[in-house]
Amino acid sequence: MPDFVLKNDDEQRPSSPSFLKGLNGRQKEAVEHTDGPLLIIAGAGSGKTRVLTYRIANLLYQEKAYANQILALTFTNKAAREMKDRIVDLIGEQANRLWMGTFHSIFSRILRIEAEQLDYTRNFSIYDSVDSDRVIKTILQEMNINTKEVKPQSVRYIISGAKNQLITPETFSNNFVQSSMEDIAARVYERYLARCKKNNAMDFDDLLIKPIELFEAHPNLLHKYQEHFRYILIDEYQDTNHAQYRVTRMLTSGNQNICVVGDDSQSIYSFRGADISNILNFQEDYPNAVRIPLEQNYRSTKAILQCADSVIRNNVSRLDKTLWTRNDQGDAITVIENYDERDEANRIARMIDEIKMRRNLSYRDFAVLYRTNYQSRVLEDAFRRRGITYQLVGGVSFYQRREIKDVTAYLRLLVNSGDDESLLRVINEPVRGVGEKTILILAQLARDSGKSLWDVIQNVESTGIYKPTIPRIRNFVDVMQQTQQKLQEVGLTDTVRFLLEETGYVKQFIEEHSHDSIMRRQNVMELLNAISFFEKSSNTPSLGAFLQEISLVTDLDAHDTEKPAVTLMTAHGSKGLEFPVVYITGLEEDLFPIGGRVGEEVDVEEERRLFYVAITRAKKLLFFSYAKNRFRFGEQIEMRRSRFLDEVDSAVVRTETGATIRQDRSASRPGSTYIAYDEDRASTGSRTSIFQPEQTSPTGMSIEYDNMPDDGVWRPGMAVIHPKFGAGKVLQCEGRGEQAKVTVFFKNAGQKKLMVKFAKLSLIGS
DNA sequence: CGTGCACATCTTTTT
DNA sequence: GATGTGCACG
């Protein structure tokens, strides 16, 4: 129950609202800090969400700004929704006017408002990665490149990386091409941009980059938004990428009322371009920033925290911080060894029932975490057999399913007729006899005339394509136009129903009686339900608004914490959540930590942070499990136990029989140092802090100075020793040979940029 | 010209 | 175990 309600009369307010009472000193400090840059280093379970919500409530309470002048950027839609609800509880309905959401959703909102300035229209399409891949694929085909040798996905990955670094096609091809793949990507890049533009479409990256372009081209607009957003808050700041960094810098360069919250130990999205140096350098960017660490953990037992700490200590690059808790010591963590993944799933299912009974818990108190989505399958089987209700979060997203993408492509075409990509997706879906050759001709015509495909097929009769296909396309055009008409006359749901009927899209599934087609039909019906719900509940029930909404939702957002079901999700998906009982499964080498593909380095430190995130989700009980054999690539493979199990503090970990686990300390790689614990420190558990801050330099490894990389090339991820700064990790490298410079994060000295030529760096691991 | 079937390939994490 | 590609047929 909220203990504070905003009064609307003229009564004098106390200067400090009563909702601040439940906060600890540091939290209170963070909430009451209103103006100027603020960096909150929030350890896992330290009440971060609470601080953020109270801080916003306080800003409103102090009348520092109207709700719509506050911009709060979160990592998931769900986090935004929950936070907003909590602020509504604290200060009332006005909180609904906050600009609160993910970077992507907030900036797409701004982009729709300002679309004309960028030569787009406000009903632009948003392409997800599958759409992007298709666009890239057509471009590759046009360039006569074999899409089997050069995978669109890899090209997209390179282009996306460049975009997020704000590197233009020109700069990219001049300075960043080092392989034939990059050369191809460089050539596709420019065409890809042009194609998206022509389609009046933006991809996920554009949603972050276009605002920067917008503000650079129109300083007056930048000024407008700078003025408008009096306060900016960013959650999960350790996972922001360069583009996100740039756009927030632009917006805050005026009043500098920026508050970021994050935890470098929980940075797990570098594959998506997240740049940990954003948070590490915050105080350099904003020299008068106040830094508040939140180190008291309210979530977990001492045993769990100690375990987490013993793991994360193996990372070289981290900000020093010491989490502590007043919670009980709690039970030891149990390691479960299994014969194979079926065994693993069955044992976990059985244990869940047992613990649920013994501890009088509900299924909703349990979470089973894994590294990759495909691991969920066996678990689902086991749970179904045992009659355990579960909710699977993530996996193949509903809106990514083929049939759903087909239908949304139809809808996108209705809203944005210039969207060639969507047209290509549905022109022969269901099959109406429009083949490859026809499309080739139409595409040629479109290119020559600068028109969209939709415009071209308006006069399909004069295109000179294969005669029998003309009426088929004519029919397609007619149906689309009729649907267009319907949209004006009847509601959204009825329009879509009409479309599905007339195009025969659902009919194809009814005629075919395979298991597959039944599922697909169900999914389409499910989409229809979603549309119907949207139409009833939204205050702007337009088709465009619906498409906007679904283009940015993820399955993570659908997670229901109230549902009495065991949660199954990836470790990534679990960030920000907590459960009384957590199982971390598949703790095997090449799975967790994941094994890289050939020629690809795996960032073990990031894997370790991910493991740390997973551990710190647990409140009371934590289990680690691994299988000695696992089915992968269609065959059974012998697995080795994860090195992480050699790193955990054996004082708080037990086998199923209660024995101490055997550990191989040498399994830790050089650079990932292990610092031994006193066995009895775990049980002592001092009231304030269970850990002493560690300030010794890494021990137990042989140090050889003047040890250069074999090939003389420095790479991010390498562990180094500097005679003065001590142990560090290479974050960034630029230049070659004599000119080479490296950015290194030193555990004891922070981040430094060094000329390799002068700095006496020694390589101690990679 | 377009379609349907058999085959291989490959699964990291997500806005 | 799903999705994309290659090949033979209508």
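Residue numbering restarts at 1 for every chain, and letters A, B, ... go by the order of the sequence lines. These values consider heavy atoms only, across backbone and side chains, with no hydrogens, waters or symmetry-generated copies.
Atom-to-atom, CG of A:Leu440 to P of B:dG2 comes out at 10 Å; the value is rounded to the nearest Å. Rounded to whole angstrom, the span from the CD atom of A:Glu341 across to the P atom of C:dG1 amounts to 10 Å. When rounded to the nearest whole Å, the span between CZ of A:Arg425 and P of C:dT3 equals 11 Å.
Residue A:Asn77 is classed as having no contact, given no heavy-atom separation below 4.0 Å to the nucleic acid. Among the protein residues, A:Arg632 comes within range of no part of the nucleic acid, since none of its heavy atoms lies under 4.0 Å from any strand. Among the protein residues, A:Leu552 comes within range of no part of the nucleic acid, since none of its heavy atoms lies under 4.0 Å from any strand. Among the atoms of the strands shown, none is found under 4.0 Å from any heavy atom of A:Lys575. Within the 4.0 angstrom heavy-atom criterion, no nucleotide atom of any strand lies near A:Arg630.
Comparing B:dT13, B:dT3, C:dT5 against the side chain of A:Thr147 picks out C:dT5 as the nearest. The A:Lys437 side chain lies nearest to B:dC1 when the options are C:dG1, B:dT15, B:dC1.
In this structure, the aromatic ring of A:Phe271 is positioned over the six-membered ring of the base of B:dT13, centres within 5.5 Å and planes within 30°.
OP1 or OP2 of B:dT13 has at least one side-chain nitrogen or oxygen of A:Asn373 nearer than 4.0 Å. Residue A:Ser105 places no side-chain N or O under 4.0 Å from the OP1 or OP2 atom of B:dT15.
The ring-ring contact (aromatic ring centres under 6.0 Å, His included) test with A:Tyr225 singles out one residue from A:Phe107, A:Trp99, A:Phe215, and that residue is A:Phe215.
If A:Leu610 and A:Thr469 are placed on DNA chain B by their nearest nucleotide, the residue sitting closer to the 5' end is A:Thr469.
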Requested in this report: Starting from the C-alpha separation in whole Å, work towards a yes-or-no answer on side chain to side chain donor-acceptor pair (under 3.5 Å) for A:Thr585 and A:Glu344.
Outcome: CA-CA 8 Å; A:Thr585 66; A:Glu344 178 180 50; 4.5 Å; no

